[in-house]
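First comes the structure, then the notes that go with it.
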Amino acid sequence: MFEELRCKTCGGVLHKDESGYVCASCGARFQYSDTRVNVKLESAYEKLRAGDFDEAQDMFSAIILEDKNNFEAYFGRFLAYHGIIFVDDIIEGKKVPTCNNIREESVFDNSDYKTAVEKAPNSIKKAYIEQAKKIEKNRLEWIEKASKEPPYDVFICFKDSDREHGVEHTLDSVEALKLHSFLTSKGYRVFLSSVSLKDKVAEEYEPYIYNALKTAQVMVVYGQKADYINSTWVKNEWSRFALMIKEGK
């Protein structure tokens, strides 16, 4: 049976042309030459698409240690660093990159991006540059939107639902809401995703999360299960806050 080749970056269908494979959904280009490394790349990009950015970065780093010229791994690590996930653009009918780890610096200053462009064949290099332009545009839009939001004192980090086990709202979410109400009653400005993001569009959560992470002086990581605390999006929040502390921000 014929098996469709899928884009590592966004999961769209790849089509073969004169220079390799191109994704009709996001415009990414790929070459398939080293099967052994390709399996590892597929796994790393799968982690990236799932939003497990830290794990994806580690996997791309391991590939680079084996092959210093693997431009796909460099570009993948660049995407993971900026927390890039491709979402559907209804107007264009394509998938577009969305930042989930806003950074202060321009994407064009990222060393992995520069290395990927330097080492990639010309056809793929052009696709990388075009994707980077879209990511930078999104990054600037998100920073502008975040700058207009009010500051917070406390960020409550928790897992709201566990749909894998049929749990619509975890006990953590109930307790976190009580904590939010208590701290708010004491005059604190508190970020709680289930309250603070209630009227926001899902694809646009990042500017508000970034603003809350950047301005809050305290984070409360609430969880009654280790799996919840280490779940992808909860870990994304507390690890970013921990990094800001480490960097003196």
Side-chain angles (χ1 to χ4, degrees), residues 6 8-12 42-60 76 79-88 90 95-102 142 146 149 152-185 188-245:
R6 291 282 174 176
K8 299 189 194 78
T9 308
C10 76
E42 292 287 352
S43 297
Y45 272 100
E46 186 176 344
K47 287 289 184 181
L48 175 64
R49 293 195 302 273
D52 195 343
F53 306 123
D54 290 339
E55 182 68 19
Q57 285 191 74
D58 290 342
M59 294 173 75
F60 285 124
L79 294 176
Y81 176 75
H82 285 278
I84 302 301
I85 287 181
F86 283 73
V87 299
D88 293 318
I90 299 175
K95 290 185 177 291
V96 295
T98 302
C99 292
N100 288 279
N101 278 354
I102 294 178
W142 270 196
E149 291 299 303
Y152 288 91
D153 300 308
V154 181
F155 189 117
I156 301 178
C157 179
F158 72 105
K159 186 172 178 64
D160 187 34
S161 62
D162 184 6
R163 293 189 175 88
E164 185 179 345
H165 297 96
V167 180
E168 187 66 26
H169 293 291
T170 64
L171 182 58
D172 292 356
S173 70
V174 176
E175 296 295 335
L177 185 58
K178 290 179 181 178
L179 180 58
H180 174 273
S181 298
F182 174 75
L183 292 174
T184 301
S185 71
Y188 292 103
R189 298 165 296 184
V190 185
F191 180 88
L192 183 75
S193 58
S194 57
V195 175
S196 306
L197 301 177
K198 189 175 181 179
D199 300 322
K200 311 300 182 185
V201 179
E203 285 79 7
E204 298 187 359
Y205 284 166
E206 172 58 15
Y208 309 106
I209 293 174
Y210 171 73
N211 170 67
L213 289 171
K214 186 177 180 181
T215 59
Q217 298 301 299
V218 174
M219 172 178 279
V220 178
V221 184
Y222 192 97
Q224 298 184 46
K225 293 184 179 181
D227 288 347
Y228 285 0
I229 293 176
N230 288 308
S231 61
T232 299
W233 294 106
V234 174
K235 184 179 178 181
N236 174 270
E237 291 175 351
W238 64 251
S239 63
R240 291 169 70 186
F241 194 80
L243 181 62
M244 289 180 179
I245 293 174

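Atoms considered below: every heavy atom in the structure, side chains included; atoms not considered: hydrogens, waters and symmetry mates. Residues take their numbers from the sequence shown, with the count starting at 1.
From Asp52, atom CG reaches atom CG of Asn230 across 10.0 Å, with rounding to the nearest 0.5 Å. One distance of note links CE of Met244 with OG of Ser239; it measures 10.0 Å at 0.5 Å rounding. Rounded to the nearest 0.5 Å, atoms CG (Asp153) and CG (Leu183) are 9.5 Å apart. To the nearest 0.5 angstrom, Glu206 atom CD is 10.5 Å from Ile85 atom CD1. To the nearest 0.5 Å, the span separating OG on Ser193 from NZ on Lys200 amounts to 13.0 Å. One distance of note links SG of Cys99 with CD1 of Ile84; it measures 3.5 Å at 0.5 Å rounding.
Considering every non-hydrogen atom in both Glu237 and Leu213, the closest pair reads O-CD2, 3.7 Å. When all heavy atoms of Cys10 and Arg49 are compared, the pair lying nearest together is C-CD, 3.7 Å. What you find for Val218 and Phe241 is that their closest heavy atoms are C-CZ, 4.0 Å. Here the closest heavy-atom approach between residue Ile209 and residue Phe155 is recorded as O-CE1, 4.1 Å. Across all their heavy atoms, Ala56 and Ala44 have their closest contact at CB-O, 3.8 Å. Shortest non-hydrogen contact noted between Lys159 and Thr170 is O-OG1, 2.6 Å.
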* To do: Before giving the answer on side-chain contact (heavy atoms from CB on, under 4.5 Å), spell out for Val154 and Met219 the whole-Å C-alpha distance, their side-chain angles and the decisive distance to 0.1 Å.
  => CA-CA 6 Å; Val154 181; Met219 172 178 279; over 6 Å; no

**Message:** As a quick check of understanding, evaluate side-chain contact (heavy atoms from CB on, under 4.5 Å) for Tyr208 and Leu197, giving each step before the final call.
**Reply:** CA-CA 8 Å; Tyr208 309 106; Leu197 301 177; 3.6 Å; yes

(request) Evaluate the criterion side-chain contact (heavy atoms from CB on, under 4.5 Å) for residue pair Thr98 and Trp142; output intermediate values, then yes/no. (result) CA-CA 9 Å; Thr98 302; Trp142 270 196; 4.0 Å; yes

As a quick check of understanding, evaluate side-chain contact (heavy atoms from CB on, under 4.5 Å) for Asp162 and Tyr228, giving each step before the final call. CA-CA 8 Å; Asp162 184 6; Tyr228 285 0; 2.9 Å; yes

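The shortest distance between side-chain heavy atoms of Phe182 and Val190 does not fall below 4.5 Å. Contact check for Asp160 versus His169: side-chain heavy atoms found under the 4.5 Å cut-off. No side-chain heavy atom of Glu42 sits less than 4.5 Å from a side-chain heavy atom of Arg6. Looking only at side-chain heavy atoms (C-beta outward), Leu177 and Ile156 stay at 4.5 Å or farther from each other. Two residues are said to be in side-chain contact when any heavy atoms from C-beta on lie closer than 4.5 Å; Lys95 and Val87 fail this criterion. For the pair Phe158/Leu192, a side-chain contact is recorded, criterion being any heavy-atom separation below 4.5 Å from C-beta on. Residues Tyr210 and Arg240 are in side-chain contact: their nearest non-hydrogen atoms beyond the backbone lie under 4.5 Å apart.
The cationic group of Lys47 does not satisfy the cation-pi geometry with Phe53, failing either the under 6.0 Å distance to the six-membered ring centre or the 45° limit from the ring axis.
In this view, Ser196 and Tyr152, Phe191 satisfy the side-chain contact (heavy atoms from CB on, under 4.5 Å) rule, not counting sequence neighbours.
Within 6.0 Å of atom CD in Glu55, more than 12 heavy atoms from other residues, nucleotides or ligands are found, so the atom counts as buried in its surroundings.
Annotation: salt bridge (Lys or Arg N to Asp or Glu O under 4.0 Å) contacts involving residues 208-231, sequence neighbours excluded, comprise Glu104-Lys214.
A donor-acceptor contact closer than 3.5 angstrom links the side chains of Asn236 and Asn101.
Annotation: Phe60 is in aromatic contact with Tyr45 [ring centroid separation under 6.0 Å].
With hydrogens and angles disregarded, a donor-acceptor distance shorter than 3.5 Å links the side chain of Trp238 to the backbone of Ile229.
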